[in-house]
Amino acid sequence: MQEIKHFINGEFVGSKSGKTFANINPATNQQIGVVHEAGQAEVNAAVEAARAALKGAWGKMPVAERMAILHKVADGINARFDEFLEAECLDTGKPKSLASHIDIPRGAANFKVFADLFKNVPTESFMLDTPDGKGALNYSVRKPKGVIAVISPWNLPLLLMTWKVGPALACGNAVIVKPSEETPRTTTLLGEVMNAAGVPKGVFNVVHGFGPNSAGEFLTTHPDVDGITFTGETRTGAAIVKASADHIRHVSFELGGKNPGIVFADCDMEKAIEGTMRSVFANCGQVCLGTERVYVERPIFDEFVKRLKAGAENLKMGAWDDACTSMGPLISQEHKNKVISYYKKAAEEGATVVTGGGVPQMEGALADGAWVQPTIWTGLPETATVVKEEIFGPCCHVQPFDSEEQVIEWANDTKYGLAAAVWTENSSRAHRVAAQLDAGIVWVNSWFLRDLRTPFGGMKHSGIGREGGVHSLEFYTELKNVCVKL
Ligand code: NAD
Ligand code: 6OD
C-alpha cells in the first residue's frame, strides 16, 4: 500500500500528528494507499518554505533560466508519462484512453505554454507632458504576486492543478498546492519531477488533507498567503471567501456550472451527436464544462434523442487499463449516492427515463465500485430539480424548443454561467446566439476545444476572474507603475 506524504521544501515528509486517511480506488472501492493529513504545523512549514524560496535563488533567477526549468518540468512529466497515467487512473478510475489524451498531456503542456507565453508579454509606458517642458516617463513593471495557495478538485486532478501551478511559477511565484483528498497521487508525483528539473526547494509545496478544519482551511486562512486560486464547488468558493477575508488577498475562482447544449435543426447531426456524447458522458460526466441541459429544435428532437440513447447504451464501463473501456466510475461512494439521489428525484418529478437511471451490475473486482448508468431524461419542466441543480454525473435532460428566443431564455435561466455549446451550420445564427449566452466560454460545433491563450472562467456563480493567456498573468503578478521625472 503506497504511503503518500506532503512535499515541503523539496522533501517528502509525514504529518507530525501522525494523522492519515485512506486513498480509495473508486472503481473497486478498495483502499490502495494511506495519505498523511496536514495540520497547522505542516501548512506553516510549507508557507515558510515558499516565502524563503522567493527571497532566495528563485526570486533572483533570470527569467530565461526559470522558463528553461519549467520546460524541464514538462519534459519530466512526459518522461514519466505512464507513471502519471497509472496514478491518475488509480485515484479516479477514469479510463486510460481519456487520461492519456487529456489529463497527462495537458499536465505537461500547462508548463510549456505558460513559460513561452509570459516571456514575450509587453508592459505599458506613457510619456507625460509637465509644466517645465521636460516631461516624465511612466513605465509599468510586473512582479510575482508572492506565495500562492492552489486548491484543486478531483475531476481532472493533474490538468487543473498544473493549469494554475504552470502560470504561477512562470510568473515567478512560489506555490502551496492542496489537491483534493480524493486524488493525491499525481500532485505528489510532481514533487519528484520538480526536484529532478532543478526547481529550487520551497517553490513547489504540497500539503494533503480535507477542507474545513484541515489543510484547506489552514492554508486559505494563513496570513502569509498572497493569493488564493481555487477550482471546485460554488459553495466551497463562498466558504473560502468568508474564511480568508480577514487577510485581504486576491482570489481566482473557477466554480460550478449547469451548462446548456443547444442543437439547432440546421446542425450537422453527426457532429452534434458526437460532441454532445462527449460533453455529457466524458469523465463519467464529471467535467465542470459538461452539458447537463440539452435543448434540441423540435423537428430533429426525436431523431436526436434516439441517437443519443444509442450512443449512451454503447458506452463500455470497465477497468481503467482495459482498452475497450470508454466510461469509468464516479469519484467516490459519497458522490455516487448524490448522483443516484438525483436519478431518483428525476423519476419522482415525472421524467421519462430514456436510458439508464440506475446502477449497473459490475463483475468481479469492480462489483463494489462507484458505478452509475449513463442516463438521459426527457419530459421535465425547466423548473425540475435535475434541470436546475449541478449533478456532476453522466446524465442530461433533453428538452425540445421552437424558437431561438425561447432557447436563449432557457439557457440563461440559471445561477451559473460557465460554458455552453451551440450546434448549427448557420454561421450568422452561431454568432448571434453565442453573443447572447451568459457563459464564460461558448463553443460552436465543438466542445472542450482549448486554446490556453484565451480567457477562461465563469460568469455569475461560476467564478470570479479569468485565467488563461495574459489573464493568468494579471492574477499571478502585481503590476506597478514607475514614474520618472525627466
Ligand atoms: P470541492 O469544492 O468539494 O473541493 C475542491 C477542493 O476544495 C478540494 O481540494 C477540497 O478539499 C477543498 N476544500 C473543500 N472545502 C474547503 C474549505 N472550506 N476550505 C478550503 N478548501 C476546501 O469540489 P470537488 O467536489 O473537488 O469538485 C467538483 C466541483 O468543482 C464541481 O462543482 C465542479 O463544477 C467544480 N469544478 C469547476 C471547474 C471550473 O473550471 N469552473 C473545474 C473543475 C471542477
Ligand atoms: O481546460 C482548462 O484549462 C480547464 N480549466 C478545464 C476545466 C475543466 C473542468 O472540469
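Numbering of ligands and ligand atoms starts at 1, following listing order.
Contact annotation for Leu452 and ligand 2: no heavy atom of the residue comes within less than 4.0 Å of the ligand. With a 4.0 Å cut-off on non-hydrogen atoms, Leu418 touches ligand 1 through its side chain and not its backbone. Residue contacts with ligand 2 for Thr231 are absent, since no atom lies close enough (heavy atoms, distance under 4.0 Å).
Close approach to Val287 involves these atoms of ligand 2, each under 4.0 Å from a residue heavy atom: 10 (O). Ligand 1 places these atoms under 4.0 Å from at least one heavy atom of Glu217: 19 (N), 20 (C). Heavy-atom contacts of Asn155 reach the following atoms of ligand 2: 9 (C), 10 (O) (cutoff under 4.0 Å). Those atoms of ligand 2 that come under 4.0 Å of a heavy atom in Arg450, given as number and element, are 1 (O), 2 (C), 3 (O). Remark: ligand 1 atoms within the under-4.0 Å shell around heavy atoms of Pro179 are 9 (O). Interface of Phe456 with ligand 1, defined as ligand atoms under 4.0 Å from a residue heavy atom, comprises 40 (O). For ligand 1, the atoms closer than 4.0 angstrom to any heavy atom of Leu160 are 42 (C), 43 (C). If you number the atoms of ligand 1 from 1 as listed, the ones under 4.0 Å from a heavy atom of Phe230 come out as 2 (O), 5 (C), 6 (C), 7 (O). Within ligand 1, counting atoms from 1 as listed, the ones closer than 4.0 Å to a heavy atom of Gly256 are 32 (O), 34 (O). Residue Leu156 approaches ligand 2 through these ligand atoms, each under 4.0 Å from one of its heavy atoms: 8 (C), 10 (O). Close approach to Ile151 involves these atoms of ligand 1, each under 4.0 Å from a residue heavy atom: 6 (C), 7 (O), 9 (O), 12 (C), 21 (N).
Nearest non-hydrogen protein atom to atom 32 (O) of ligand 1 is Glu390 OE1, 2.7 Å. The nearest protein atom to atom 41 (N) of ligand 1, hydrogens excluded, is given as Leu255 O, 2.7 Å; this is a heavy-atom distance. The single protein non-hydrogen atom nearest to atom 35 (C) of ligand 1 is Gly232 O, 3.3 Å, given as residue, atom name and distance. Among protein heavy atoms, atom 28 (C) of ligand 1 sits closest to Phe392 CE2, 3.6 Å. Protein heavy atom nearest atom 36 (N) of ligand 1, with residue, atom name and distance: Cys288 CB, 3.5 Å. What sits closest to atom 14 (C) of ligand 1 on the protein, heavy atoms only, is Thr236 CG2, 3.3 Å. With respect to atom 9 (O) of ligand 1, the closest heavy atom belonging to the protein is Ser152 O, 2.8 Å. Of the protein's heavy atoms, Gly216 CA, 3.7 Å lies nearest to atom 21 (N) of ligand 1.
Ring geometry for Phe7 against Phe12 counts as tilted: the plane angle lies between 30° and 60°, on a 0 to 90° scale. Aromatic ring orientation, Trp154 versus Phe392: perpendicular (interplanar angle above 60°, classes split at 30° and 60°). The aromatic rings of Phe456 and Trp163 lie perpendicular to each other, with more than 60° between the two planes, well past the 30° mark. By the 30° and 60° cut-offs, the orientation of the rings of Phe230 relative to Phe253 is perpendicular. The aromatic rings of Phe210 and Phe21 lie tilted to each other, with the angle between the two planes from 30° to 60°.
Electrostatic pairing of Lys164 and Glu467 counts as a salt bridge here, judged by a charged N lying under 4.0 Å from a carboxylate O. Between Glu474 and Lys145 there is no salt bridge, since no side-chain nitrogen of the basic residue lies less than 4.0 Å from a carboxylate oxygen of the acidic one. The pair Arg278-Glu274 meets the salt-bridge criterion, since a charged nitrogen lies less than 4.0 angstrom from a carboxylate oxygen. Under the 4.0 Å criterion applied to side-chain N and carboxylate O atoms, Asp413 and Lys258 are not assigned as salt-bridge partners.
Around the NZ atom of Lys388, the shell of radius 6.0 Å holds more than 12 heavy atoms that belong to other residues, nucleotides or ligands. Atom NE2 of His101 has 12 or fewer heavy atoms from other residues, nucleotides or ligands within 6.0 Å. For His250, the NE2 atom counts as loosely surrounded, since its 6.0 Å shell holds 12 or fewer non-hydrogen atoms of other residues, nucleotides or ligands. When the shell of 6.0 Å around NZ of Lys119 is examined, it contains more than 12 heavy atoms from other residues, nucleotides or ligands. Heavy atoms from other residues, nucleotides or ligands lying under 6.0 Å from CD of Gln31 number more than 12.
Between atom 40 (O) of ligand 1 and the options Lys178, Glu254, Gln286, Glu334, the minimum heavy-atom separation is to Glu254.
In this structure, Phe253 falls outside the shell of residues with a heavy atom less than 4.0 angstrom from ligand 1. Residue contact check for ligand 1: Gly463 places no non-hydrogen atom closer than 4.0 Å to it.
At under 3.5 Å, a nitrogen or oxygen of Glu181, whether backbone or side chain, sits near a nitrogen or oxygen of ligand 1. Between Cys288 and ligand 2, at least one pair of N/O atoms sits closer than 3.5 Å. For the pair Ile240 and ligand 1, the shortest N or O to N or O distance does not fall below 3.5 Å. Considering backbone and side-chain N/O atoms, Trp154 comes within less than 3.5 Å of an N/O atom of ligand 1. At least one N or O atom of Arg106 sits closer than 3.5 Å to an N or O atom of ligand 2.
In this structure the side chain of Leu158 never reaches within 4.5 angstrom of the side chain of Arg106, judged on heavy atoms. Between Phe118 and Met67 the shortest side-chain heavy-atom distance falls below 4.5 Å. With contacts defined as side-chain heavy-atom distances shorter than 4.5 Å, the pair His208/Pro179 qualifies.
Within the 4.0 angstrom cut-off, atom 23 (O) of ligand 1 has one or more protein heavy-atom neighbours.
A side chain to side chain contact (heavy atoms under 4.5 Å, CB included) with Trp423 is found for one member of Ile262, Val296, Val263, Val294 and no other, namely Val263.
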